[in-house]
Each structure stands twice: as C-alpha cells, then as structure tokens.
Number of protein chains: 2
Amino acid sequence: MVLRDKILRAATELYAETGFRGTTTRQIARRAGVNEVTLFRHFGSKTALLHEAIQCACAREERRLLPLIPGEVRVELLAWARAVWAGLWHRRGVIRTALGEIEAHPQLYPKENSATASAGRELASYLRRLRAAGRVRASLDVPAATAMLMGTLFTDAMSRDILPFLYRRNPTEAVPEYVDLFLAAIGANAPHSQESR
Amino acid sequence: MVLRDKILRAATELYAETGFRGTTTRQIARRAGVNEVTLFRHFGSKTALLHEAIQCACAREERRLLPLIPGEVRVELLAWARAVWAGLWHRRGVIRTALGEIEAHPQLYPKENSATASAGRELASYLRRLRAAGRVRASLDVPAATAMLMGTLFTDAMSRDILPFLYRRNPTEAVPEYVDLFLAAIGANAPHSQESR
DNA sequence: ACCGGATGCAAGTGGGCGCTTGCATGGGCC
DNA sequence: GGCCCATGCAAGCGCCCACTTGCATCCGGT
C-alpha cells in the first residue's frame, strides 16, 4: 500500500500549493510517479482523492495534552505552546488553503475535529482548572483568554513566512515571549517557584 | 465610470467566494450585468482585472490612527481594536482567499502595504510611545506584544464564522475582553483614572 | 443630421480539464 | 506453466476556460 500513500502525499502537497481547483489530476499523477488512470482506479474521482488526502493530513496531528493537575504553569504552557505552534507551522500550507476554500467546499474539511479546535478546547479546560485552583485571576474570561493565545500562535505560524518583516524574532524566541505575555494577561501566580519571567 | 466599478465589485465578490481559478470571466460579467467581452476591452485579461480588483479592495481601507500622545490607554486601544476588528471582519472573505493563494500568485497581493501590516506598525509605534512614557512595563517586548494583539483580533475575525462554537461571546463583548487581557499582559498603568476593568 | 466611441451579441479558437476505454505488460500465487 | 490482478500507455470524449473577431446597436457631442 505504499503507492496509495505516495498518491495521497502528492495530492496533499499540491493542494497546499495551489488549492482544489488549481490541483489537477495530471499533476498529482506526475508528482506521485504514477499514471493518471491509477488515481481514478484507486479513488474514483478527484474530489474523493482530495477529500481523503485532506482528512489524512489533518488526522495525523498528534494531540498535545496539558496536565490534569497543573504544576509549573510556565513550563507546562510553554512546552504546549511550542508543540502547537510547530504543528501549525508544519501544516501552514494546507491550513491557509483550506481556510480560503472552506466557504466553497465546506464538506471537504474537518471543523470540530480540526487540530486547532481541539487544541483550543484543551487550553480552555486547562485554564478552567487553573482558575478553580486559584492560580489565575478569579475573574478570568476563559474563552477570551483561549482565543487570545490560540490566535497569537495561529497568526504567527500562518503569516511568519508571508510577512517576514513583521517578525524579527525567530520562533524559538517568540513563543516564550507570547507565553510570558499571556501569563501576565491571565494573572498567573504559582504557589511554588515562579520567577516573574 | 460606474460600469468599471460595477465590474470591479463583482470581481472582488466572486474572488472572495471562489478564489482566482474559481472565478470565471463569465461569472464576473453576469454578476456585473455586463457582456463578457466588455471585461477584456476594459482590463485586457482576467489577471489584470483581478489584480486591480484586489488592490482596490485593499486600498479602500481607511487607516485608523492611535494618538501621538497617549491619554486614556484603555479607551484609545479599545476604539482602535474595534475599528481594526471591524475592518478585518468586513474583508474576511478576500483576506482568507488571498492568504491561501499568496504562495501561488505572490504578485497579486499587497504585503508591506496591506491594511493589516500597517495596523501592526501603528500599534507597535504606539506601544513604544507608552513604554517611553513609563506607562507600561519597561521590559515590554514590543514586537511580541504587537503580534499578540494583532493575532488575537485577526484570528477572531477570520475564524469566527467558520468555527462559531469556539466563540461564545459576540464581537462587541469579545474585543473589550481581548483589550483588557492585553492591558494586563503589557502591564499598563495609567497616571490618571484607570479602573482595573 | 451625423459621426465616433462604447457596448452588446453570436460565434468560434485552442487548450486544459476530469474522466473513460481498450489493450499491453509484468509480477506474485496455484 | 498458467492465471489474475495491478499498473502503464495511448487515445479520446465532452466540457469549460480565457480570449478573439466581426458586426449590429445605441447614445452623446457638435
């Protein structure tokens, strides 16, 4: 079944580069090193092929979890944010294209199940745990705070290569800055060993 | 010259809905209530037409300025953030599509001159003024803070209608929440009349 | 009244598209 | 060896695309 995967990978790449209409079956076949007929014998139609390719590309995302019992908030959040950013960055091509075409082909894309959406849920429930433990400001608006950190990471990963002049720091430096700003925003205070930054 | 504008508006709409390849000259002509030949007589080619349409759509954005001498930071930032969010929301269709196609057709889109980029510059210089005036934490990382607020507003405006289950608050409530979180993040303190929220 | 420029209309051109068909080929399994 | 399934190859089908051409029409300025 190596061949199926080669086709799917070629389809995903081309989709990320040129979108649904821009991706032709001839291109997919050429990049996969396969005859064009083979695509149709395997997947039936271009739509079915791209559907499967996109689902695969999104599903392969491994979920990164935040601890059930919060410990060192800065350490935990930083590791999580790095992983989320890396995942977004790695798939930025597909995500950007999908975002632009989701209105035209809504059935092609996962929404509730998208990696970004579940990362958001993960963060929100972690923040609720922090608030319940009195580790952050009691008046914290969890959905807004979630949207803030997710939005920061998302926009950075999506536009860093397009508008490079906006991002002077490289990602290894930028993400910790975001996390520290975020900790200040939510009023994080740790019972044990928190340095201000 | 009403006709030219009708064509450009139709082209922009269709582009936002279906992208460059998805937009056909026949569709543009029909939506503009014009014969297809007229498009070519006016603009020469589909590419030239869409190029002008996109440039117009982005240029019409009015710049929203932040005061040179900061006064009531929360009031000023909130008004600015509302305006920026509204601009992003209004053009979300074109922006999403453009973001997905900027790799394939880079010359079609403004980058340095995009409304989002100049809004980011505006915010960054305002933050530098605040820092110089000692109104925010002295150690504030201006580029990171800028990326944070811009990213929050951008992602909200881009994904609110796509992932509605992530956004429980309507935008009129959400933007102030973002601003308050942001004020806490940058350690804003006002010399006169700042209530905590 | 007349002229010229802008527009509409109908038809067509070459090319790329998704997809199909028919046949040759080759490699693993009995 | 003989069979069968997967794949390659070549050709083609109908469709839509961007774009062109030639001609009719209309409308405003003089």
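Source: prediction; values computed, not measured. Every chain is numbered from 1 and lettered A, B, ... according to where its sequence line falls, protein lines coming before strand lines.
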Within the side chain of A:R129, is there an N or O that forms a donor-acceptor pair under 3.5 Å with the backbone of A:P67?
yes
Distance-only, no hydrogens or angles: does the A:R131 side chain make a donor-acceptor pair with backbone N or O of A:L140 under 3.5 Å?
yes
Taking NZ, NE, NH1 and NH2 as the nitrogens, is one of them in A:R96 or A:D161 under 4.0 Å from a carboxylate oxygen of the other?
yes
I want to check one thing: is the phosphate of C:dG18, taken as OP1 and OP2, less than 4.0 Å away from some side-chain N or O of A:T25?
yes
Of the listed nucleotides (D:dA18, D:dT7, C:dT7), which one gets closest to any side-chain atom of B:T38?
C:dT7
Do A:L123 and A:L77 make a side-chain contact, defined as non-hydrogen atoms from C-beta onward lying under 4.5 Å apart?
yes
Between B:N35 and A:G44, name the one whose nearest nucleotide on DNA chain C is closer to the 5' end.
B:N35
Expressed as a whole number of angstroms, how long is the span from B:K6:NZ to C:dA6:P?
17 Å
Using atom CZ of B:F40 as one end and atom P of D:dC17 as the other, report the distance to the nearest whole Å.
11 Å
B:S45 has its side chain closest, among C:dT21, C:dT7, D:dC19, to D:dC19
Between B:F43 (CZ) and C:dA6 (C1'), how many Å, whole number?
14 Å
Kindly indicate whether the side chain of B:R21 and the base of C:dG16 share any N or O donor-acceptor pair separated by less than 3.5 Å?
no
